[in-house]
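Just so you know, these numbers come straight off a predicted model, no measurement behind them. Ligands are counted one by one from 1 in listed order, and the atoms in each one are counted from 1 as well.
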Amino acid sequence: MHQRSNKIDLHVHSTASDGILTPSEVVRLALERGLNVIALTDHDTLGGVAEAQQAATGTELKVIPGVEINSEGEWGALHFLGYYVDPENGPLREKLQAMLDARLSRARKMIRRLGELGMPLDWDEVRTLAGGKSIGRPHVARALVNRGYVETTQEAFESFIARDGPAYIPRPRLGPPEVIQAIVGAGGVPVLAHPAHSGPAAVERVPEFVSYGLRGVEVYYPDHSPQDVEKLLGLCREHDLIATGGSDFHGPGIEEGAPLGSVYVPPGCVERLREGRGYRAPTGRPSPYTSQR
Ligand code: AMP
Ligand code: FE
Ligand code: FE
Ligand code: ZN
């Protein structure tokens, strides 16, 4: 039997990063839609997971702890999803904290640059939009819209803050091997997010990422074509990778991503992710995280 409507969404953002619903509001919406599993995958932070899990306690909904880590450089955009990471894992927390700090100083620089370009913004205004958490270019884009400098966030990116834009400031990022190893080291399952959306280089490098420990690929994604899906399913078969799917929901009315629960997720996907979790120490001893389940 085909599922008529999807009950799972494995790629969801909240106000812990650049989504516009709080983790509790995301959970409420997921329950309204009759979902039974979501993974909260905010950019560079696990800060929303506890609230979402708390809000889902005693309901039909399971919240998988997740994170989306951006690894981007001269090679282009690459995003990795980490499922079932231990939010208390020290090395992962340190790496994420360093990225959050770098995001703050980079946002300040972008605001300064935009001021020089004749579009002054207040630091506090952008900070407030970001809720003081994982601040990113989407927050800057929304501030530019609020001030009337541009019509849409898309225009803000295209005219000013996309990679080749005049107010783009890069931020320090981890390389792909470091991202994958940080996720694995925290007991998580690393999955390459939306490879075809990121670009051909992301798709071509799947075998290399497998050599670092990649376990899955986000095959089903709002703007992946049927050809993209075929190609990615082929890579999953060839390398024994878990095929996942997710909407990249950022909130109602937000251009990025698609509605919560609107993207197909293959049967058995969540079970395979769950089986793949748990850091296995080199000695063969299970970590405390694995044994406490
Ligand atoms: P940052 O991590 O601060 O560099 O911002 C990256 C985020 O900006 C991505 O995760 C997307 O949410 C968003 N983004 C990147 N490029 C664009 C674009 N061209 N149009 C709209 N949103 C974008
Ligand atoms: Fe985002
Ligand atoms: Fe992404
Ligand atoms: Zn995302």
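- Under the 6.0 Å cut-off for aromatic ring centres, F80 and F209 qualify, their centroids lying closer than that.
- One distance of note links CG of L235 with NZ of K231; it measures 6.5 Å at 0.5 Å rounding.
- The closest approach between R171 and ligand 1 falls below 4.0 Å for a heavy atom of the residue.
- Proximity of E158 to ligand 1, defined as any heavy-atom pair under 4.0 Å, is not found for any part of the residue.
- Note on H11: counted as a metal contact of the Zn ion (ligand 4), an N/O/S atom lying under 2.8 Å.
- Residue H13 counts as close to the Zn ion (ligand 4), with an N, O or S atom under 2.8 Å.
- H194 and H11 have parallel rings, their planes meeting at less than 30° on a 0 to 90° scale where 60° marks the start of perpendicular.
- Of all atoms in ligand 1, numbered sequentially from 1 with element shown, those under 4.0 Å from a heavy atom of H79 are 10 (O).
- Under the 3.5 Å distance criterion, with hydrogens and angles disregarded, a donor-acceptor pair is assigned to the side chains of E256 and H250.
- H224 and H197 are not linked by any side-chain donor-acceptor pair at a separation below 3.5 angstrom, with hydrogens and angles left out of the test.
- Classification of R272 and D240 as a salt-bridged pair holds, one side-chain N sitting under 4.0 Å from a carboxylate O.
- Nearest protein heavy-atom contact of atom 11 (C) of ligand 1 is E256 OE2, 3.2 Å.
- Nearest N/O/S atom of E68 with respect to the Fe ion (ligand 3) is recorded as OE2.
- When you scan the N, O or S atoms of E68 for the one nearest the Zn ion (ligand 4), you land on OE1.
- Those atoms of ligand 1 that come under 4.0 Å of a heavy atom in P138, given as number and element, are 5 (O), 7 (C), 8 (O), 12 (O), 13 (C).
- Contact annotation: D248 places an N, O or S atom under 2.8 Å from the Zn ion (ligand 4).
- Atom numbering of ligand 1 starts at 1 in the shown order; those under 4.0 Å from a heavy atom of D18 are 12 (O).
- Backbone or side-chain N, O or S atoms of D248 do not reach the Fe ion (ligand 3) at under 2.8 Å.
- Note that the CD1 atom of I38 and the NZ atom of K62 stand 12.5 Å from one another [nearest 0.5 Å].
- No side-chain donor from either of H43 and N70 sits under 3.5 Å from a side-chain acceptor of the other.
- No side-chain donor from either of E218 and T244 sits under 3.5 Å from a side-chain acceptor of the other.
- No side-chain donor from either of E255 and T152 sits under 3.5 Å from a side-chain acceptor of the other.
- Dense packing is recorded around CD of E155, with more than 12 heavy atoms of other residues, nucleotides or ligands lying under 6.0 Å away.
- Of the angles at the Fe ion (ligand 3), the one spanning NE2 of H194 and ND1 of H79 is 90° when given to 10°.
- A salt bridge does not link K95 to E178: none of the charged nitrogens lies less than 4.0 Å from a carboxylate oxygen.
- Close approach to G136 involves these atoms of ligand 1, each under 4.0 Å from a residue heavy atom: 3 (O).
- In the vicinity of R106, heavy-atom distances shorter than 4.0 Å reach the ligand 1 atoms 1 (P), 3 (O), 4 (O).
- Neither the backbone nor the side chain of T153 has a heavy atom within less than 4.0 Å of ligand 1.
- Counting protein heavy atoms only, atom 13 (C) of ligand 1 is closest to F157 CZ, 3.6 Å.
- For the residues H139, H194, H43, R137, the heavy atom positioned nearest atom 4 (O) of ligand 1 is part of R137.
- In this structure, R103 counts as a contact residue of ligand 1, since one of its heavy atoms falls inside 4.0 Å of the ligand.
- Below 4.0 Å from some heavy atom of Q154 lie the following atoms of ligand 1, by number and element: 19 (N), 20 (N), 21 (C).
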